[in-house]
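Within every chain, numbering begins at 1; the chains are lettered A, B, ... in the order of the sequence lines, protein sequences first and strands thereafter. Since we're looking at a predicted model, the values are computed, not measured.
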There are 2 protein chains.
Amino acid sequence: MVRAGLSAERLARAGAELADEVGFDQVTVSALARRFDVRVASLYSHVKNSQDLKTRIALLALEELADRAADALAGRAGKDALTALANVYRDYAREHPGRYAAAQLRLDPEAAATSAGGRHAQMTRAILRGYDLTEPDQTHAVRLLGSVFHGYVSLELGGGFSHSAPDTQETWSRILDALDALLRNWPAAHVPPR
Amino acid sequence: MVRAGLSAERLARAGAELADEVGFDQVTVSALARRFDVRVASLYSHVKNSQDLKTRIALLALEELADRAADALAGRAGKDALTALANVYRDYAREHPGRYAAAQLRLDPEAAATSAGGRHAQMTRAILRGYDLTEPDQTHAVRLLGSVFHGYVSLELGGGFSHSAPDTQETWSRILDALDALLRNWPAAHVPPR
DNA sequence: TGCATTTGCCTAAAACCTTTAGGCAAATGA
DNA sequence: TCATTTGCCTAAAGGTTTTAGGCAAATGCA
């Protein structure tokens with residue numbers, strides 16, 4: 001009886017592919033076993049349980065995404081860097097919707113600590129070096145950028161922007177223009193009324 | 001044998017409560033039957049299946065959210081309206097995380113058509129009447145606002161902003177200030193280089 | 001090479017969720 | 001009052017998760 005050569009990493013990779021094909025919430029230990037043509041119980045030697053499997057897929061996606069982001073940022077600054085990072089998220093979500101959904105999984109603190117989450121925050125912060133922001137404004141801006149990137153990508157992916165006129169590429173460009181303008185001219189703490 | 005008085009609406013309402021208590025993805029036909037102290041199969045006289053139940057919860061949440069938004073916008077304009085609408089989303093997500101997650105459910109076109117989705121878009125558009133934007137910039141701005149609101153709320157809810165210094169309330173205020181400033185000074189289509 | 005240990009996948013089985021089919025009793029209404 | 005409709009039930013099949021225990025393949029050491 002020939003062995004299938006399973007391992008936690010291979011399961012996570014196959015799980016990520018499966019997620020892109022059928023959606024992250026359809027990723028199941030059973031479906032994965034079927035894909036390896038192996039009995040379900042066999043997977044439990046490699047992953048603790050279903051939650052563990054999903055966490056591994058999430059960590060994989062976060063790493064991939066961080067790697068792409070690091071690549072894209074190399075040698076860029078200012079709006080160029082802003083656009084590059086934004087496009088990494090959007091393109092990744094379009095190419096790998098299941099993995100992107102996985103990356104959104106709420107991780108327990110232990111898993112979160114070993115995740116690439118910190119790299120993502122660092123890279124967003126790096127972009128802001130091209131603009132003139134000091135703490136705590138920098139943190140506010142990091143959060144704004146994260147919100148826009150994630151919010152836009154997830155609404156677009158979920159079809160929230162369909163059935164409407166200006167195409168989404170145009171909107172995306174204009175949003176990036178707007179963010180660039182905003183960062184170059186970040187409003188002071190207290191905007192005077194009117 | 002006394003009847004439990006089930007109905008599609010009661011199931012949706014109870015499902016929404018359950019979602020807030022244990023998370024939307026833990027909402028199951030079984031759990032709901034247990035809550036009504038009724039056999040599982042009995043629910044299938046009122047909802048078509050599990051997907052149907054979830055869709056009804058999503059539609060309920062979208063309606064509630066739209067009602068709150070309409071209330072909040074009444075008599076407000078400009079930044080006042082912007083802040084009010086933004087807070088409706090954020091507060092709703094914090095008070096009803098399960099319902100908020102439900103509202104994010106990808107609806108099939110048929111359900112989407114009967115949903116309050118259109119009202120939401122309309123209300124965001126209404127806010128922009130307080131600013132000087134014409135089409136297609138208005139649509140771009142609607143999409144930006146949707147992205148920021150949804151993105152921020154879902155990151156904050158998912159714990160994405162935890163373990164960090166400036167508190168999230170402060171960031172939220174500053175982001176609203178920034179959006180207001182941006183809308184008052186929306187950049188023209190072609191930002192000159194440099 | 002030969003043997004002991006480890007490792008990997010298996011069968012079996014229990015628990016839970018989903019969904020359909022068919023039945024009886026309660027509610028409704030003529 | 002009696003017929004019909006409606007609501008919840010039992011039964012059953014099929015799928016996913018998870019644990020326990022077993023045998024054979026791979027590995028490693030003499």
Side-chain angles (χ1 to χ4, degrees), chain A residues 1-60 98-99 101-102 105-108 110-111, chain B residues 1-60 98-99 101-102 105-108 110-111:
Chain A
M1 183 178 302
V2 146
R3 295 193 178 182
L6 305 181
S7 73
E9 293 83 307
R10 279 196 72 192
L11 290 180
R13 272 200 299 276
E17 282 169 31
L18 185 57
D20 286 335
E21 291 166 24
V22 303
F24 183 57
D25 42 79
Q26 303 297 316
V27 171
T28 157
V29 181
S30 289
L32 210 49
R34 231 169 288 141
R35 172 161 294 220
F36 279 99
D37 201 31
V38 138
R39 298 290 140 153
V40 187
S42 305
L43 300 208
Y44 283 83
S45 308
H46 303 279
V47 296
K48 246 190 31 250
N49 51 36
S50 183
Q51 183 58 43
D52 180 36
L53 171 65
K54 286 178 182 156
T55 298
R56 286 172 192 274
I57 298 173
L59 293 175
L60 174 76
R99 283 159 151 100
L105 185 70
R106 214 209 201 296
L107 298 173
D108 54 271
E110 201 228 335
Chain B
M1 180 179 302
V2 148
R3 295 191 177 183
L6 306 181
S7 72
E9 293 82 310
R10 279 195 72 192
L11 290 179
R13 272 201 299 276
E17 281 169 32
L18 184 58
D20 285 336
E21 290 166 23
V22 303
F24 183 57
D25 42 79
Q26 304 296 317
V27 171
T28 151
V29 181
S30 287
L32 210 48
R34 227 165 316 172
R35 173 160 294 219
F36 279 98
D37 200 31
V38 138
R39 296 292 140 152
V40 187
S42 306
L43 301 208
Y44 284 84
S45 308
H46 303 280
V47 295
K48 248 192 28 252
N49 50 37
S50 184
Q51 181 58 43
D52 180 35
L53 171 65
K54 286 179 182 155
T55 298
R56 285 171 193 274
I57 298 173
L59 292 175
L60 174 76
R99 284 159 151 98
L105 185 69
R106 214 212 203 293
L107 298 173
D108 54 89
E110 202 228 333

Given dT18(D), dC9(D), dC10(C), which nucleotide is nearest the side-chain atoms of V38(B)?
-> dC9(D)
Grab the CD-P distance between Q26(A) and dT16(D) for me, whole Å please.
-> 10 Å
For A31(A), report the nucleic acid contact type (base, sugar-phosphate, nothing); a contact means any heavy atom under 4.0 Å.
-> nothing
Taking atom CG of D52(B) and atom CG of L43(B), what is their separation to the nearest 0.5 Å?
-> 11.5 Å
What integer distance in Å separates D52(A):CG from dT19(D):C1'?
-> 16 Å
Can you figure out which of dC10(C), dT19(D), dT20(C) approaches the side chain of Y44(A) most closely?
-> dT19(D)
Interatomic spacing from CG in L18(B) to CZ in R34(B) - rounded to 0.5 Å = 9.0 Å
To the nearest angstrom, how far is R39(B) atom CZ from dC17(C) atom C1'?
-> 15 Å
L43(B) CG to dA21(C) P, in whole Å, measures 17 Å
Look up atom CG in L60(A) and atom CZ in R99(A), then write down how far apart they are to the nearest 0.5 Å.
-> 6.0 Å
Between NZ of K54(A) and C1' of dT18(D) the distance, given in whole Å, is 14 Å
Which listed nucleotide (dC10(C), dT18(D), dT18(C)) is nearest to the side chain of N49(A)?
-> dT18(D)
Let me know the distance between CG of L6(B) and C1' of dA27(C), rounded to the nearest Å.
-> 15 Å
When the distance from CZ of R10(A) to C1' of dG8(C) is rounded to whole Å, what number comes out?
-> 13 Å
Hey, are the side chains of L59(B) and L107(B) touching, using non-hydrogen atoms and a 4.5 Å cut-off?
-> yes
Looking for any heavy atom pair under 4.0 Å, which part of the strands does S50(A) touch: base, sugar-phosphate only, or nothing?
-> sugar-phosphate
In whole angstrom, what separates Q51(A)'s CD from dT18(D)'s C1'?
-> 14 Å
Side-chain N,O (H46(B)) to OP1/OP2 (dC8(D)) below 4.0 Å | yes
Can you tell me how far CD of E9(B) sits from NE2 of H46(B), rounded to the nearest 0.5 angstrom?
-> 10.5 Å
Check whether any side-chain nitrogen or oxygen of S45(A) sits under 4.0 Å from OP1 or OP2 of dT7(C), and answer yes or no.
-> no
At under 4.0 Å between heavy atoms, what does T28(A) touch on the DNA or RNA strands: base, sugar-phosphate, or nothing?
-> sugar-phosphate
Side-chain N,O (R34(B)) to OP1/OP2 (dC17(C)) below 4.0 Å | yes
Measure from the side-chain heavy atoms of V40(A) and tell me the nearest of dT18(D), dT20(C), dT18(C).
-> dT18(D)
